[in-house]
Amino acid sequence: MPERKKLGNNLDKVEVRPVEFECHGEVLHGDLYLPKKRPPHGKLPGVVVTGAWTSVKEQMAGLYASELAMRGFVALAFDFRGWGLSAHDGKTKYLEDPTRKTDDIRAAIDFMGRCPDVDPDRICGLGICASAGYMSAATGGNRHVHSLALVGPWLHNSEIVSEVYGGAEGVAELMKLGRDALTHEEPRYIVAASKVDDTALMFDVEYYTEEDRGLIPEFDNKFNLASWEAWLTFDGVHTADKQNQPTLIVHSEAAAIPKGAKEFARRMGDRATTLWFEDVSQFDFYDKAQPIDRALEAVAEHFLSTL
């Protein structure tokens with residue numbers, strides 16, 4: 001069994017501070033990770049960290065944020081509106097809407113700029129998996145952000161969407177399902193991940209269905225069917241066109257849709273640096289110790305060298 005990283009293993013060296021901020025009048029809940037040994041009056045570089053689709057802050061986002069605090073950063077992991085603790089007061093829940101989540105990331109960046117422990121001139125963004133596209137959309141042209149890193153990025157465009165979701169017919173079926181859910185009187189939720197329910201969004205998928213990994217009590221494990229149109233029509237690849245931050249992309253041919261990451265990097269040209277790992281799966285990027293340590297070493301070096 002490969003060594004896995006667990007959130008909470010760094011508590012002897014990392015302070016975790018619950019925080020709140022707002023986006024469009026709704027309260028978002030987050031965890032701010034700070035190194036316990038830090039200058040009493042100094043400000044540290046800050047990083048907003050976001051995770052894979054349907055995830056909550058206690059999964060890969062919190063793990064990476066904790067590890068970044070070990071490396072001298074103040075890092076924020078938070079629950080998007082309608083997810084985790086941020087779902088308690090909102091009306092719209094479990095919606096994987098890239099535009100909505102991009103707005104939440106912008107609000108998180110603004111919060112970090114006001115945080116007394118953070119140097120407002122040294123704020124970075126780290127997007128993992130699906131949120132890589134949201135993070136790119138939120139940080140491109142954002143004068144408050146100065147560096148970007150994407151780990152195991154899921155970056156699709158219309159061509160990749162067609163390849164992944166069963167061609168034009170499969171995409172059309174999902175779009176109809178999403179539109180029907182949008183007009184339905186009551187929200188339509190399905191299970192996000194399951195080993196026994198073959199109607200789940202992610203059926204028999206590792207990490208999310210394993211209690212010692214992603215299937216934690218904080219995980220909502222739900223998906224709003226109204227998400228489909230917004231998710232399928234979002235073009236994460238083309239966010240590269242407006243991305244002006246120095247960007248590091250860490251990926252693997254064995255992980256999810258490397259084709260999208262390559263096209264994203266091509267569009268960015270010399271503004272992007274790529275680092276490719278051998279035989280690292282998408283889920284290995286979530287909690288496997290060796291690729292995470294290697295990725296974070298590169299991410300920390302990239303941030304510090306570009307700030």
Side-chain angles (χ1 to χ4, degrees), residues 50-61 79-88 90-101 104 128-134 152-236 254-257 259-260 281-287:
T50 54
W53 74 342
T54 78
S55 65
V56 292
K57 64 183 182 299
E58 291 83 6
Q59 292 170 315
M60 67 291 292
D79 286 327
F80 290 97
R81 281 176 292 162
W83 300 89
L85 288 180
S86 301
H88 292 181
K91 295 180 180 179
T92 303
K93 296 183 179 181
Y94 320 128
L95 190 68
E96 194 63 39
D97 184 332
T99 299
R100 178 181 170 96
K101 287 193 167 186
D104 291 348
I128 304 159
C129 192
S131 71
Y134 315 159
W154 177 289
L155 295 162
H156 66 218
N157 53 20
S158 58
E159 178 186 346
I160 294 171
V161 163
S162 182
E163 293 171 358
V164 171
Y165 292 102
E169 183 177 344
V171 172
E173 289 179 0
L174 291 173
M175 294 277 277
K176 183 180 185 304
L177 189 64
R179 288 168 182 164
D180 289 346
L182 276 170
T183 59
H184 200 262
E185 186 174 343
E186 295 294 328
R188 289 184 169 177
Y189 306 136
I190 61 171
V191 174
S194 174
K195 286 187 175 182
V196 295
D197 183 353
D198 61 5
T199 67
L201 177 70
M202 297 176 283
F203 173 61
D204 201 23
V205 168
E206 64 174 292
Y207 181 80
Y208 294 99
T209 57
E210 298 169 84
E211 292 183 358
D212 61 338
R213 298 182 70 189
L215 190 59
I216 57 175
E218 295 86 353
F219 180 41
D220 299 303
N221 203 14
K222 294 180 183 178
F223 178 77
N224 190 328
L225 289 175
S227 306
W228 277 122
E229 184 169 10
W231 167 252
L232 294 171
T233 57
F234 176 68
D235 192 326
I257 55 170
K259 178 179 180 180
S281 78
Q282 191 68 18
F283 304 107
D284 288 343
F285 279 120
Y286 297 170
D287 66 351

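For the single chain, residues carry numbers from 1 onward in sequence order.
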Indicate yes or no for a side-chain donor-acceptor contact from [X] to the backbone of [Y] under 3.5 Å, with no hydrogens or angles considered.
| X | Y | result |
| --- | --- | --- |
| D79 | K57 | yes |
| N157 | D235 | no |
| E229 | R179 | no |
| N224 | P187 | no |
| R188 | A226 | no |

Is the shortest heavy-atom distance from the side chain of [X] to the side chain of [Y] under 4.5 Å?
| X | Y | result |
| --- | --- | --- |
| M202 | T209 | no |
| E186 | H184 | yes |
| Q59 | Y207 | yes |
| S131 | W154 | no |
| Y189 | L225 | no |

Gap separating the [atom1] atom of [X] from the [atom2] atom of [Y], nearest 0.5 angstrom:
| X | Y | atom1 | atom2 | value |
| --- | --- | --- | --- | --- |
| F283 | M60 | CZ | CE | 9.0 Å |
| K222 | K93 | NZ | NZ | 7.5 Å |
| T199 | D197 | OG1 | CG | 3.0 Å |
| I216 | S55 | CD1 | OG | 9.5 Å |
| L182 | L95 | CG | CG | 7.5 Å |
| S194 | Y208 | OG | OH | 15.0 Å |

May I ask you to decide whether [X] forms a salt bridge with [Y], counting only side-chain N to carboxylate O separations under 4.0 Å?
| X | Y | answer |
| --- | --- | --- |
| D204 | K195 | no |
| D180 | K176 | yes |
| K101 | E96 | yes |

(message) Is the ring pair Y134/F80 parallel, tilted or perpendicular, if the boundaries are 30 and 60 degrees?
(response)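 Ring orientation, 0 to 90° scale: perpendicular.
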(message) For T54 and L201: C-alpha separation, side-chain torsions, deciding distance, then whether side-chain contact (heavy atoms from CB on, under 4.5 Å) applies.
(response) CA-CA 10 Å; T54 78; L201 177 70; 3.9 Å; yes
For residues 160-170, which side-chain donor-acceptor pairs fall under 3.5 Å, sequence neighbours excluded?
residue	atom	partner	partner atom	Å
E163	OE2	K259	NZ	2.8
Y165	OH	W231	NE1	2.9

(request) Search all heavy atoms of S281 against all heavy atoms of A255 and return the closest pair with its distance. (result)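 Of all heavy-atom pairs spanning S281 and A255, the closest is C-CB, 4.0 Å.
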(message) Walk me through whether R81 and D104 qualify under side-chain contact (heavy atoms from CB on, under 4.5 Å).
(response) CA-CA 7 Å; R81 281 176 292 162; D104 291 348; 2.5 Å; yes
(request) Could you walk me through whether Y94 and F223 pass ring-ring contact (aromatic ring centres under 6.0 Å, His included), step by step? (result) CA-CA 5 Å; Y94 320 128; F223 178 77; 9.9 Å; no
